[in-house]
Student: 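Below are the structure tokens for one structure; questions will follow.
A note on names: the letters A, B, ... follow the listed sequences, proteins ahead of strands, and every chain is numbered from 1. Values in this document were obtained by computation on a predicted structure and should not be read as measured data.
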Protein chains: 2
Amino acid sequence: MLEAKLNEAALLKRLLDAVKELVTDANFDCNEEGITLQAMDNSHVALVAVKLKADGFQKYRCDRPIPLGVNLGSLTKVLKCAKDDDICTLKAADDADILSLTYQAKNQDRIAEYEMKLMDIDADTLGIPDTEYDASVTMPSGEFARIVRDLSLLGESVRIEVSKEGIRFVSDGEAANGNILLKQNAEAAKKGKKGSSSKRKGSDDEDDEDEEKPDPEDEEGAAGSDEEVSGGEGGKKKVKKEKVKKEEKDGEDVEMANGADEADEDEDAGEFKPSKKEAGSDAEEEDDDEEEGGSGKKRKKAPGKSGKPAKKAKKGEADADADDDFEGVRIEMNQAVTLTFSLKYLVNFSKSSALSKKVQLMMSNDVPLLVSYGFNQGHIRYYLAPKIGDD
Amino acid sequence: MLEAKLNEAALLKRLLDAVKELVTDANFDCNEEGITLQAMDNSHVALVAVKLKADGFQKYRCDRPIPLGVNLGSLTKVLKCAKDDDICTLKAADDADILSLTYQAKNQDRIAEYEMKLMDIDADTLGIPDTEYDASVTMPSGEFARIVRDLSLLGESVRIEVSKEGIRFVSDGEAANGNILLKQNAEAAKKGKKGSSSKRKGSDDEDDEDEEKPDPEDEEGAAGSDEEVSGGEGGKKKVKKEKVKKEEKDGEDVEMANGADEADEDEDAGEFKPSKKEAGSDAEEEDDDEEEGGSGKKRKKAPGKSGKPAKKAKKGEADADADDDFEGVRIEMNQAVTLTFSLKYLVNFSKSSALSKKVQLMMSNDVPLLVSYGFNQGHIRYYLAPKIGDD
DNA sequence: GCACTGCACG
DNA sequence: CGTGCAGTGC
């Protein structure tokens with residue numbers, strides 16, 4: 001039985017607005033740790049991962065893992081019936097094919113109940129490769145949205161170049177070329193709000209639950225992250241373990257083609273290859289890593305990139321952006337990275353701006369880009385394989 | 001070499017929004033006086049003329065005349081990448097086939113550079129007949145836009161009747177007829193802000209550079225109008241010289257079919273006939289008038305209509321609307337005029353409302369309507385031949 | 001290939 | 001609420 005009480009329906013509404021264009025149906029996987037959703041987009045090029053932590057709810061109870069197969073269009077409609085500040089309670093029986101949503105006005109004088117049919121969705125939930133990234137850029141989410149929207153007018157893809165200079169977005173189109181350079185704000189380097197100098201790690205990614213160790217300084221560290229990061233706080237915030245394990249889900253992991261860490265299939269950059277749980281062979285690849293959670297770093301297969309001293313990534317905070325009021329651009333990198341991506345997807349990702357004032361881009365050469373928006377209760381992350389060649 | 005720095009990208013953005021639906025490609029003709037664009041619409045029924053004065057730029061330099069052949073769709077896209085208040089710099093080498101646009105945030109923390117391919121456009125730039133108009137109506141641009149949009153729902157064309165009574169827009173549609181009468185505001189007559197009674201002329205048209213004589217009382221008189229109008233200030237503001245010469249452009253003038261002044265080809269009301277510069281014969285027609293600028297009145301070919309004592313038209317002001325805060329409808333006329341126009345085009349013209357709070361309609365029987373929006377740095381004008389008969 | 005309708009964004 | 005863009009149908 002699931003019962004999850006959310007203080008503001010707005011969060012769910014925004015999440016669905018962000019995801020519904022990318023995916024039509026998906027499982028909301030509920031377990032005692034919270035609710036996660038993972039899905040590939042319809043053309044299997046991008047991957048979305050949403051996490052809502054149990055302790056972010058006003059009340060949360062989930063006796064045993066339940067996958068709620070939802071048509072996102074339907075859920076969006078139902079959520080439109082909620083006011084932004086309604087208290088929203090989700091309920092489902094263990095065996096249910098129905099999800100109940102209750103909207104309760106804060107002033108108690110209105111209660112609305114909706115019931116939505118659930119569906120059986122083939123869980124092509126996936127194991128997300130645990131990757132270390134060579135570059136992490138944190139910037140205002142609105143700015144990111146604006147840039148990719150702008151460049152999408154000119155061409156199909158954007159080359160993102162991260163260097164000491166800053167981050168540059170370049171698009172070559174038929175009729176026009178464009179390039180936008182954002183320099184790292186000077187203050188970004190010294191803004192050691194969380195202790196170590198520029199290492200504030202300032203990411204919205206609060207690292208997946210099993211890999212990070214809660215960082216006390218972090219506001220959201222309290223949110224119950226139980227994963228440990230590789231380096232001490234000194235290093236650049238490189239995500240040590242981006243591989244999201246298929247927690248509680250056994251055997252359903254899918255291999256991301258570009259997740260270079262486990263298998264060096266960098267050539268697959270063009271598209272993720274989700275393996276259904278039924279595809280035992282593929283699943284195995286990831287499964288071995290699945291169960292270990294406590295000790296961080298597991299699964300860091302691409303050690304070469306982690307050469308730099310990883311600082312104690314103070315990730316762990318879903319609300320990196322929430323707590324970090326720094327307005328500018330922060331870049332943390334071990335080496336320069338240049339990658340090319342489809343703008344169509346980035347534009348889509350950038351719809352999540354409503355969820356966070358900041359966005360974090362994590363990149364390594366030949367590895368899928370991670371675009372991460374963190375908020376108090378969790379995060380939404382997108383993975384997008386780079387284009388190969390430089391088309 | 002051209003380098004033009006505009007303090008607000010918004011101006012260019014609005015200009016392109018206004019023009020791009022009418023014309024797909026056009027030359028931006030740059031010379032030391034500024035930048036002009038003249039083009040017929042795709043079906044050669046309407047004509048647009050845009051002027052941006054050199055002194056309206058924060059910085060302007062143009063060593064020698066350069067025509068920049070631009071695809072307006074592409075330029076629109078590139079301009080969408082600018083924020084309204086970005087400082088926008090246009091650059092082009094003399095021989096260039098590339099236009100560079102740089103957007104600089106006012107706060108300096110972002111610099112975006114775009115390069116757009118230019119094209120060779122057959123300069124069917126045209127000489128715009130210098131017409132005296134029998135009636136001039138200045139009204140809020142939003143009101144004009146609303147009226148033509150409304151009437152376009154009912155029918156294809158509108159009959160515009162200007163009389164002492166006011167200005168009336170009449171549309172007869174299949175299912176319904178409509179007519180809207182705007183009376184001249186009483187105050188318009190006495191609002192002798194500039195000296196003579198209602199003659200404030202309040203037009204957005206600041207008359208092309210060489211034809212007007214600056215009128216001291218006019219706020220925008222300073223804008224450098226050097227033409228004199230026929231009558232003394234007492235008369236109605238009739239535009240004495242609407243013929244836009246092809247400044248700096250030699251031989252490229254085209255004759256507007258309906259420009260009745262030179263040749264009395266009123267029968268051509270249906271469509272403009274642009275003559276390429278190659279068409280030497282046509283060009284000559286207008287060229288003779290081209291060079292005289294200082295002494296007003298030149299080129300007043302249709303004296304018959306100027307029978308009334310034309311008041312000193314205080315045109316010359318590009319920012320007629322800018323300086324004229326008068327909110328109502330002002331009519332200045334020598335004789336009643338009734339003309340019928342295609343609403344489709346008027347609706348299109350009215351997209352320029354973003355550029356000016358006021359619009360000026362200039363009409364004479366059987367002559368193309370001039371719809372003029374003035375702003376601080378210049379103007380945008382549209383010419384539309386009347387429908388013949390009363391269909 | 002063009003036009004119309006629906007969806008999404010500002 | 002209005003405008004623009006994309007997808008579908010004719």
Side-chain angles (χ1 to χ4, degrees), chain A residues 10 12-25 41-43 45-46 48 71-81 84 140-157 171 173-176 342-357 359 373 380 382, chain B residues 8-10 12-24 41-43 71-86 103 140-153 156 343-355:
Chain A
L12 269 184
K13 298 174 74 165
R14 293 193 189 122
L15 275 174
L16 265 102
D17 280 344
V19 170
K20 68 168 195 288
E21 310 251 322
L22 214 51
V23 184
T24 57
D25 305 296
D41 83 293
N42 297 328
S43 44
V45 171
V48 210
N71 174 281
L72 300 186
S74 303
L75 180 53
T76 300
K77 286 180 186 169
V78 173
L79 283 170
K80 284 216 201 296
C81 303
D84 274 6
S141 55
E143 185 146 33
F144 177 65
R146 173 66 196 243
I147 288 169
V148 296
R149 250 188 295 117
D150 281 355
L151 294 184
S152 72
L153 296 175
L154 306 183
E156 305 258 294
S157 54
S171 175
E174 296 279 287
S342 157
L343 279 164
K344 173 183 158 195
Y345 288 97
L346 297 183
V347 167
N348 215 313
F349 300 169
S350 72
K351 301 199 173 149
S352 294
S353 296
L355 287 157
S356 170
K357 287 183 306 188
V359 62
Y373 296 85
I380 180 165
Y382 301 91
Chain B
E8 305 261 328
L12 268 184
K13 298 175 73 165
R14 295 194 189 122
L15 273 174
L16 265 102
D17 280 345
V19 170
K20 68 168 195 289
E21 308 255 319
L22 214 51
V23 183
T24 57
D41 83 292
N42 296 328
S43 44
N71 174 282
L72 299 186
S74 302
L75 181 54
T76 300
K77 285 180 184 172
V78 172
L79 283 170
K80 283 213 205 300
C81 301
K83 294 182 66 180
D84 274 5
D85 60 346
D86 279 351
Y103 307 141
S141 56
E143 185 146 31
F144 177 64
R146 174 65 196 245
I147 288 168
V148 295
R149 251 188 295 116
D150 284 354
L151 294 183
S152 72
L153 298 176
E156 304 257 294
L343 278 163
K344 173 183 158 196
Y345 287 96
L346 296 183
V347 167
N348 216 312
F349 300 168
S350 71
K351 301 199 170 147
S352 294
S353 296
L355 287 158

Student: In whole Å, what is the span from the CD atom of Glu156(A) to the P atom of dA6(D)?
Tutor: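 So the two atoms are 11 Å apart, to the nearest Å.
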Student: Under a 4.0 Å threshold between the charged nitrogen and the carboxylate oxygen, would Glu156(B) count as salt-bridged to Lys344(B)?
Tutor: no
Student: So, is Arg149(A) close to the dG10(C) phosphate, meaning a side-chain N or O under 4.0 Å from OP1 or OP2?
Tutor: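 Yes.
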Student: Is there a donor-acceptor contact under 3.5 Å linking the side chains of Tyr345(A) and Ser43(A)?
Tutor: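 Ser43(A) and Tyr345(A) do have a side-chain donor-acceptor pair below 3.5 Å.
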Student: Whole angstrom is fine here: how far is it from NZ in Lys83(B) over to C1' in dG10(C)?
Tutor: 14 Å
Student: Rounded to the nearest angstrom, tell me the gap between atom NZ in Lys344(A) and atom P in dC9(C).
Tutor: 14 Å
Student: Check the distance between dA6(D)'s C1' and Leu153(A)'s CG and give it to me in whole angstrom.
Tutor: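 To the nearest whole Å, that distance equals 14 Å.
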Student: I'd like to know if Lys13(B) and Asp17(B) make a salt bridge, using a cut-off of under 4.0 Å between side-chain N and carboxylate O.
Tutor: no
Student: Could you tell me how far apart Asn348(A) (CG) and dC5(D) (P) are, to the nearest whole angstrom?
Tutor: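 These atoms are roughly 17 Å apart.
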Student: Just the rounded figure in Å: distance from C1' of dG4(D) to CD of Glu21(B).
Tutor: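 Whole-Å distance recorded here is 10 Å.
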Student: Using OP1 and OP2 only, check whether a side-chain N or O of Lys351(B) sits under 4.0 Å from dT3(D).
Tutor: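 It does not, given that no N or O in the side chain of Lys351(B) lies less than 4.0 Å from OP1 or OP2 of dT3(D).
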Student: Tell me the interatomic distance from Lys77(B), atom NZ, to dG4(D), atom P, rounded to whole angstroms.
Tutor: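 Roughly 15 Å, once rounded to whole Å.
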Student: Whole angstrom is fine here: how far is it from CG in Asp150(B) over to P in dG2(D)?
Tutor: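 Computing the Asp150(B):CG to dG2(D):P distance gives 12 Å.
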Student: Give a yes or no on this: more than 12 heavy atoms of other residues, nucleotides or ligands lie within 6.0 Å of atom NZ of Lys20(B).
Tutor: yes
